[in-house]
Amino acid sequence: MTSEVLVIDDLNKVFSAPTGNVVALEHIQLKVQQGEFITIIGPSGCGKSTLLKIVAGIDTEYEGSVTLHGKPIEGPSIEKGFIFQEPRLFPWLTVEKNIAANLSLKNPEVRKKVDELIELVRLQGFEQSYPRELSGGMAQRVAIARALLRNPDVLLLDEPFGALDAFTRSHLQEVLLDIWQKNRTTMLFVTHDLDEAVFLGQRVIIMNPRPGHIRNILPIGLPFPRKRASHSFQELRHIVLKEFEKVEEPLLDQGAGI
Amino acid sequence: MLEARIENTATSPSIKRKKQRQRRGLSIQITNAMLGVLLPVVLITIWEIAGVMGALNPILLPAPSMILQEFINLSASGELASHLGISAWRALLGFLLGGGLGLAAGIWVGFSIKTERLLDPSLQMLRTLPHLALAPLFILWFGFGETSKILLIAKGSFFPMYVNTFLGIRSVDGKLFDVARVLHFTKWQLISKLIVPASLPNIFLGVRLSIGVAWLGLVVAEMMGSTSGVGFMINDARSFSLTTVVFVGIIVFAVVGKLTDSLVKLLEKRLLRWQDSFKGGGF
C-alpha cells in the first residue's frame, strides 16, 4: 500500500468547445508503484498528453481523484518533474544555469548536484555552452538534468524523444534507463513509438481515443538491459502491436480514422 | 560574424588554426570598416575639390576644409565643449526620465491586459503629438528654463521605450511560461529570470530608439528659446549666416548620436550573446 506513489481513480476530463463538449479522458484507473517505469502509448487524440498534464498539475480541471503520496494534485510542484517534447531551455542561460534555472549555483549543494547531473547525462565540457550551440539530443539531456535536479518523486515525460533521429533516440533511451536504475525515480513516459514503449516500460499502457480511455495494460517482464533483436523482445513487441491493432480497427470501421 | 560563430562552437580547433582565423577575422573587420568609410570619403573629396575651384557659394555650402577650420576654432575657444556638455546633460536627463518611465509603463501595461485597456489607447494618442506642437505649451507651462526642455526630451524618449518594452513582454514564448510553472518559479523569479531576459532584445531596441529621439527633441527644445547648447549654437549661427558653424553643429550631433548608439549596441552584443538569429551573412 505504501509503495503506491501515484493513484488515479475514475479520472474524467471534458474539454468544452463551441462545437460541443469533447470527452478527452473517460474513467481512467491507474496505480503506479514507487520506482516503476510506465510507458503510455496510443494514437494522437487518445488523451495521453492530457493525462500527463493532469498528473503534472498543469491542467487542474478534471473530475475524479489523482493523488501523489495520498495527497490530491492541486497544481505544479517540484515533486513532479516534467519533460516536454521540445527541450524548452532558456536561450539566454548556459547549460549549467539552465539546469539550475531558479536555483542558485552559488549554493554549494546545488553546484555539486548540477555537476553530478551533468556527468549523469554525459554533458561534461558543455557546462558553459548556450542552447543554440547544442544538438537536439544534447538539449533534451539538459532538460532531463533540469528536471532531475529537483529530485522529483515522479518524472513525467511527454514524447521527449519524438523529435529526435533514431540514433539519438536510442542513445537517450539508454541514458534514461541508466538514470532510472541509479535514482529509481518513478517514470511516466508518453510515446507514440511502439519500440520505445516496449524497450523502456515495465508496464505498457495502451490508450484508445474517442473518448480517451485505457484499453489495456500489458506487463513487460523482460529484464534490463533489453535487447531489441532478442526473440522475447520481438514477441512482446508483437503482442503490443496486436493490442494496438485492436484499438485501431474499430476506429477505422467507424470511419473515424486519424 | 561567421568566424566568431564558428569559434563559439563547443569543439575547439587547434591553436594554430585559431590564430589564423583570428588574423583573418581581423583583416575582415578592417575591410568592413574601410567599406563603411568609402562613400563619405569620396563625397567629401568631390565636395572639397568643387569648393576650392569656386563652384560652390561659401555661404550656402562651405568647403569641408573651412568647416574643419571652424571646428578647430570652436574647440580651441572651448565654446563647442561647453555647448555640447550642456546639450548632452539635457539629453541624458530627458532620456533617463522618459526612458525610465517608458520602461516602467511598458512593464506594467505588458503584464496586465486590464492596464493595457485602461492606458494604452491614451498613450498611443499622446504618442502621435509632434514636438513642435507641444513645445509652445511646455514653455508656457514651465517657462524657458531647463524644466520645459528636459520634459520635452523626456516626452519623446518615453514612447519608443514604452512600445518596445510592451512588445518584448508580450512576445515571451508561452512554452517557457509552462516550464516556469513546472519548475515552480516565484512571481519575482518569473519577472527576473524569464520575462526581463526574454524581452531584453526589445528593451535594447527601445533604448536605442529613445536615445535617437532624445537628440531630436533636444534640437527642438534648444532652438525654441535657449541661450546654450548645440541647438542654440546652430540657431544663433544661422541668424548671422555663419554656415560653417551650422555645419559643425550638425556634424557634432551626427557623430555624438552615432557614438552613443554604438555604445548601446556594444552593450547589447555583450548581453545578448545567447541570441541565435540571422546575422545577415550570405547575401
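Each chain gets a letter, A, B and so on, in the order the sequences are listed, and its residues count up from 1.
Heavy-atom minimum distance, Leu183(B) versus Arg146(A): CD1-CD, 3.7 Å. Val182(B) approaches Pro76(A) most closely through the heavy-atom pair CA-CB, 4.1 Å. Nearest heavy-atom pair across His184(B) and Asn102(A) is O-ND2, 3.5 Å. A pairwise comparison of heavy atoms in Arg88(A) and Lys175(B) identifies NH1-O, 3.3 Å as the closest pair. Between Arg181(B) and Ile58(A), the shortest heavy-atom contact is NH2-O, 3.5 Å.
The contact between Asp178(B) and chain A is made by backbone and side chain atoms together, counting heavy-atom distances below 4.5 Å. Contact of Arg150(A) with chain B is made through the side chain alone, with heavy-atom distances under 4.5 Å. Looking at Ala101(A), both its backbone and its side chain come within 4.5 Å of chain B, counting heavy atoms on both sides. Contact of Gln128(A) with chain B is not made at all, since no heavy-atom distance falls under 4.5 Å. For Leu89(A), the part sitting under 4.5 Å from any heavy atom of chain B is the backbone (N, CA, C, O) and nothing else.
Contact count against chain B (heavy-atom pairs under 4.5 Å) is highest for Ser77(A) among Ala147(A), Pro131(A), Ser77(A).
More than 12 heavy atoms of other shown residues, nucleotides or ligands fall within 6.0 angstrom of atom NZ in Lys155(B). The environment of Gln124(A) atom CD is dense: over 12 non-hydrogen atoms of other residues, nucleotides or ligands sit within 6.0 angstrom.
Two residues are said to be in side-chain contact when any heavy atoms from C-beta on lie closer than 4.5 Å; Trp92(A) and Leu200(B) fail this criterion.
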